[in-house]
Amino acid sequence: MPELPEDETTKRGITPYILNQTISALIVRQSKLRLPVTEHIHQLCQGQNILDVKRRGKYLLLTLRDGTLLIHLGMSGCLRIEHQYTPARKHEHISMHLNNETSLRYSDPRRFGLWLYLTENPFQHKLLQSLGPEPLSDDFNERYLYKKASGKKQCIKSFIMDSHVVAGIGNIYATESLFLSGIHPLTPAGALSKESCMTLTIVIKKILQNAISVGGTTLRDFYSSNGKPGYFSLSLLVYGRKGLPCLRCNSLLLSVPIACRQSVFCPTCQFFPHDIT
DNA sequence: CTCAGATCCTGTGCGC
DNA sequence: TGCGCACAGGATCTGA
């Protein structure tokens, strides 16, 4: 379940192995992902150097000479560095062999991921163009959130998970952020005070930053191992703890389904703003 | 336009 | 022990 910190960790983990290397072969075993893998992607990439590795939201971008590889890990995708000669594992849909005797392996059991080869400016592609600001950038601040949420009846949890509002926040970090901000997940986005928007933006930045720094401690796992980024060692305060006592006040944590996602919250620590009740 | 809910897919973990 | 089913979720699509 990669969210932004896992994608950033992945980016940092693979970059040293693939930057400035030449793609000697790209093997696609399964092209049915969220969108079909670009046709003839093998011929398009072969022989090109990887000039840069970037991240935008949950998308990774490998800049090549004549185009860009746009990669999304979906919810079960993972990238790993392996020796070129090791056999593909189950669900390893794409292997990118490099000229330094390593290869980048993409596995994705649930196939919600994405591999596209773009020749145009990738940031003008519709998938990236419509993305909201990076949550760790200065563009994501309380003024932006307050203005964007103004008049919205949509609940705040769905709102911050909408990548067009802010890029890269999934169920785990949305759930944790709202708990730490003391905001009930069903609060209409437009009902948040300026103060709540400030708290929420600060908490989101802090929690993402923290998760990235934790992920950074497991970077070596990207080489010849299971490649699982480090969020498993993150201490989650509410996510996955439905029915267990709140670590702050001991109330039993509740859960409501929001857009088919479990949303765990503390009925005591998280409340609706007074002005809408 | 807005927003809630369904949808894609398969491994995991639970109950019986 | 083994089977079957509910559940997990990012982003998009549908329909009210």
Side-chain angles (χ1 to χ4, degrees), chain A residues 1-11 28-37 55-61 70-80 88-94 106-116 122 125-135 147-178 184-192 204 208 211 226-229 231-232 234 236 238-244 253 255-264 276:
Chain A
M1 302 165 240
E3 295 190 23
L4 187 147
E6 288 73 41
D7 287 298
E8 179 64 25
T9 300
T10 298
K11 185 199 132 185
V28 179
R29 300 180 192 83
Q30 170 61 270
S31 60
K32 279 178 66 179
L33 302 182
R34 178 177 127 212
L35 295 176
V37 174
R55 179 189 61 74
R56 172 75 174 98
K58 297 179 187 171
Y59 291 91
L60 294 175
L61 297 90
L70 183 65
I71 300 170
H72 193 293
L73 301 181
M75 79 152 283
S76 61
C78 108
L79 288 169
R80 231 183 34 252
R89 302 180 188 181
K90 196 179 179 186
H91 300 303
E92 207 162 274
H93 305 316
I94 300 178
Y106 172 74
S107 65
D108 185 3
R110 288 171 219 184
R111 310 213 311 258
F112 285 8
L114 183 93
W115 273 65
L116 295 179
H125 190 276
K126 64 173 184 177
L127 289 173
L128 297 188
Q129 199 176 31
S130 58
L131 283 182
E134 285 292 316
K147 194 176 169 191
K148 191 86 175 171
S150 163
K152 291 284 196 299
K153 291 176 182 167
Q154 188 184 13
C155 73
I156 185 61
K157 177 154 180 282
S158 300
F159 190 70
I160 58 173
M161 286 177 67
D162 183 346
S163 63
H164 304 106
V165 172
V166 54
I169 298 176
N171 199 28
I172 296 172
Y173 294 102
T175 300
E176 294 292 310
S177 301
L178 290 171
H184 193 292
L186 288 174
T187 309
L192 288 189
I204 286 173
L208 291 177
N226 63 17
K228 283 179 181 161
Y231 88 20
F232 298 96
L234 253 194
L236 300 172
V238 275
Y239 179 85
R241 299 194 65 245
K242 175 186 179 181
L244 295 174
L253 298 176
S255 179
V256 284
I258 297 176
C260 304
R261 304 283 175 265
Q262 279 302 315
S263 307
V264 185
I276 62 148

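All chains are named by letter (A, B, ...) in the order of the sequence lines, taking the proteins before the strands, and each is independently numbered beginning at 1.
- Atom CG in Leu114(A) sits about 10 Å away from atom P in dA11(C), given to the nearest Å.
- Whole-Å rounding puts the Leu236(A) CG to dA8(C) P distance at 15 Å.
- Ile71(A) has its CD1 atom 19 Å from the P atom of dG10(C), to the nearest Å.
- Look at Lys58(A) and Glu6(A) and you find no salt bridge, because none of the NZ, NE, NH1 or NH2 atoms lies under 4.0 Å from a carboxylate O.
- Distance, Glu176(A) CD to dG9(C) P: 12 Å, rounded to whole Å.
- A donor-acceptor pair under 3.5 Å is absent between the side-chain atoms of Gln30(A) and the main chain of His91(A), judged by distance alone.
- Interatomic distance, OH of Tyr106(A) versus CG of Leu79(A), reported as 7.5 Å (0.5 Å rounding).
- Between the Arg111(A) side chain and the Lys32(A) main chain, a donor and an acceptor come within less than 3.5 Å of each other.
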Next on the checklist: I need a per-nucleotide contact map over nucleotides 1-10 of chain B, read 5' to 3'. Cutoff is protein heavy atoms under 4.0 Å; write B for the base, S for backbone only, - otherwise.
Outcome noted: --SS-BBBBB
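- The distance from atom CD of Glu6(A) to atom C1' of dG10(C) is 13 Å, rounded to the nearest whole Å.
- Leu253(A) contributes atom CG, which lies 11.0 Å from atom OG1 of Thr175(A) (distance to the nearest 0.5 angstrom).
- Between the CD1 atom of Ile160(A) and the C1' atom of dA11(C) there is a distance of 16 Å, rounded to whole Å.
- A donor-acceptor pair under 3.5 Å is formed between the side chain of Glu3(A) and the backbone N or O of Ile172(A).
- Remark: side-chain polar atoms of Glu176(A) are not paired, donor with acceptor, to backbone N or O of Leu236(A) under 3.5 angstrom.
- Distance CG (Leu73(A)) to P (dA11(C)): 10 Å, rounded to an integer number of Å.
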Polar atom pairs (N or O), protein with nucleotides 12-16 of chain C, under 3.5 Å:
unit_1	atom_1	unit_2	atom_2	d
dT12(C)	OP1	Arg34(A)	NH2	3.4

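- Listed here is the closest heavy atom pair of Gly113(A) and Asp108(A): N-OD2, 2.9 Å.
- Here dA11(C) presents its P atom at 12 Å from CG of Leu35(A), a figure rounded to the nearest Å.
- Between the side chain of Asn171(A) and the backbone N or O of Gln262(A) there is at least one donor-acceptor pair closer than 3.5 Å.
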